[in-house]
**Q** 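Got a structure for you, questions after.
These values consider heavy atoms only, across backbone and side chains, with no hydrogens, waters or symmetry-generated copies. Atoms within each ligand, like the ligands themselves, are counted from 1 in listed order.
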Amino acid sequence: PTANIGVVGLAVMGSNLARNLASREGNSVAIYNRTHAKTDELVTEHPEAGFVSTSTYEQFAASLHKPRAAIIMVKAGAGTDAVIDALVEVFEPGDIIVDGGNALFTDTIRREKAVRATGINYVGMGVSGGEEGALLGPSIMPGGSDESWVTLGPILRSIAAIAEGEPCVTHIGHDGAGHFVKMVHNGIEYADMQLIAEAYDLIRRGTGKSPVEIADVFAEWNKGELESYLIEITAEVLRQVDAATGRPLVDVILDQAGAKGTGAWTVQTALDLGVPVSGIAEATFARSLSSHPEQRSVSRELPGPQDDLAVDDADAFIEDVRLALFASKIVAYSQGFDEIRAGAAQYDWSIDLGAVSKIWRGGCIIRAQFLNRIADAYAQTPDLPVLLAAPYFVAALGRAQDAWRRIVSTAAAAGLPSPAFSSSLAYYDGLRADRLPAALIQGQRDFFGAHTYKRVDKEGTFHTLWSGDRTEIEAEDTH
Ligand code: NBP
C-alpha cells in the first residue's frame, strides 16, 4: 500500500478535494469512482498529482496504509449508503470512512452507529466552500470519534483554508456534530444572503441608484465591519452587464431563488429543538415565496401604500441601511449559534462555539472578519446563553438600532418587503422585553385546554375554573 488517504466519488467536489490532498507534502491519494472512465480522466488530466488509480473497492482498500482513511464525495442519500456498504466490506476495524457530502445529520448519526458496530470509524464531515474551496482550501467540519481525529487531523489541517495563520478545521464533536454545524452554517448563509438582497433592494428603490452604483456602495462596505465574502461577491454580481442585452445582469435574471434544502433542514431542526431562528426561517421562506410565480402573478393587484419610497438624503439613507444590515446580521449569527448550542445539548456533543466561529473565517461562503468578534465573545464567556448579550454586540446593536428601526418602518410604510430585516428586529425586541404577551397566551391555553400557568408571585402551577365560578385552583403540573 502506498496511499495515506483515499477519495471515492470524482465529480467536481471529489476530484477537487483529491487534487488538493495530492498537492500537500506527504500525501499520496488513492482514487475510486463508480464510473471508471472518470478516474482515468482525472489521472490523465493531472499527472502532477501522482494519484493511485483503482478500479475496484478491493484495489482501493489494498492501496491504502492502515489505518485506512477514505473520504466519500458522492451524491448525498442512496449513493452515500451504497459506497459505505461497499467500503465496510473491504475495510477493517480501526479504519476510517469519512462522508464529506452534504448529509442530513440524523442520517450521519444512524450511519455512524451502524458502521461503529463493525469496529470501523465513521466520520460525517461538513465541507464548505464549493468547488473552489475543495481545490484551494475549504472550511472543514468533521464529526466522528476522537480515534479517527488522530489520523484525520493532520491530513485535514494540511488541506483546509488558512485564516489568520490557523487552519479552518476543528474536531466538532462525535457522530453527527460536523454535519449539524455544516447545516447551520448553510442556514446562516441563507439569512446573510437575504439580508444583503433586502439592503440592495431598499437602496435601489429608495435612491434610484443603478446596480453598478450600488456595487460601489457594497465595495465600500466591504472595507468596514461588514467585510465578508458575500458582500464582496454581491458587488461583483451587481457590476456584471449582460452581454446579450447590455442591461445589468441582475435585471435579466429571473427573480425566483432556488434552494437545495439545507436552509429548510436548519429551520426544521430548529423547530424541533424549540430554537427561534426567525431570520434563517424568513430567508428560507423568502426564497419559497419568490418561487411561486402563479401566486405572485394573481397578487399584483393587492393594494399597497399611496406613496412610493421617497428618500431626501441618499447618503444618510444608505448609512441607515448599512447599520440595519449589520444589526440583522448579528441577529442571524446569534440565532445560528443558538441552534448549535441547543443541538449540542440535545445530542450530547461538546462543541466549542468559539472554535466553530474561527473555522468559518476562511474557506467557506460566510467567511468574514466579523467571526473574530464571535470568537472573542465565547472566549470571554464560554457558556454565554445568547450571543447578542456579549458586550461587543450590545454596543454594536446600540449604535445601530435607531437606524434599524427607521429602515424597517420606512420599508413597511413604502410597502417594500423586508422580511429578514423586520423579523430580526422583532426578535431583538422580543429578547429585550421585560414582559412578553406570552402571559396572555398562557391564559388562553388555560382557558380552552386547562394547560395551567405559573404565577409571578408564588411557586406552583395554577388553573382557573373558566367554565365554573372562575376561581383559581392549584393544579398538578402534568399538562
Ligand atoms: P454529485 O453530488 O453530483 O455526485 C456525483 C458523484 O456521486 C459521482 O462520482 C457519482 O459516480 C457518484 N455516485 C452516485 Br450519483 N451514485 C453512486 C453510487 N450508488 N455508488 C457510487 N457512486 C455514486 O457530486 P458533487 O457535486 O461533487 O458533490 C459531492 C458531494 O459534496 C454531495 O454530497 C454534495 O452535496 C456535497 N457538496 C457539494 C458542494 C458543491 O458546491 N457542489 C459543496 C459542498 C458539499 P458516477 O460518476 O459513477 O456517476
**Q** Working to the nearest 0.5 angstrom, can you tell me the gap between S15 OG and E131 CD?
**A** 8.5 Å

**Q** Mind checking salt bridge (charged side-chain N to carboxylate O under 4.0 Å, His left out) for D272 and listing every partner two or more places apart, or none if nothing turns up?
**A**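 Expected list: none.
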
**Q** State whether R110 and D81 are salt-bridged, where the test is any N-O pair (Lys NZ or Arg NE/NH1/NH2 against Asp/Glu carboxylate O) under 4.0 Å.
**A**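 So R110 pairs with D81 through a salt bridge.
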
**Q** Check ring pair (Phe, Tyr, Trp, His ring centres under 6.0 Å) between F393 and all other residues, then give those that pass, not counting sequence neighbours.
**A**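 Residues passing ring pair (Phe, Tyr, Trp, His ring centres under 6.0 Å) with F393: F370.
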
**Q** Where does the angle between the aromatic ring planes of Y347 and F180 fall among parallel (under 30°), tilted (30 to 60°) and perpendicular (over 60°)?
**A**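 Geometry flag for F180 against Y347: tilted rings.
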
**Q** Looking at residues at least two apart in the chain, or sitting in another chain, which of them share a salt bridge (charged side-chain N to carboxylate O under 4.0 Å, His left out) with R19?
**A** none

**Q** Considering only heavy atoms, which protein residues lie less than 4.0 Å from any atom of ligand 1?
**A** G9, L10, A11, V12, M13, N33, R34, T35, K38, M73, V74, K75, A76, G79, A82, V83, G101, N102, V127, G130

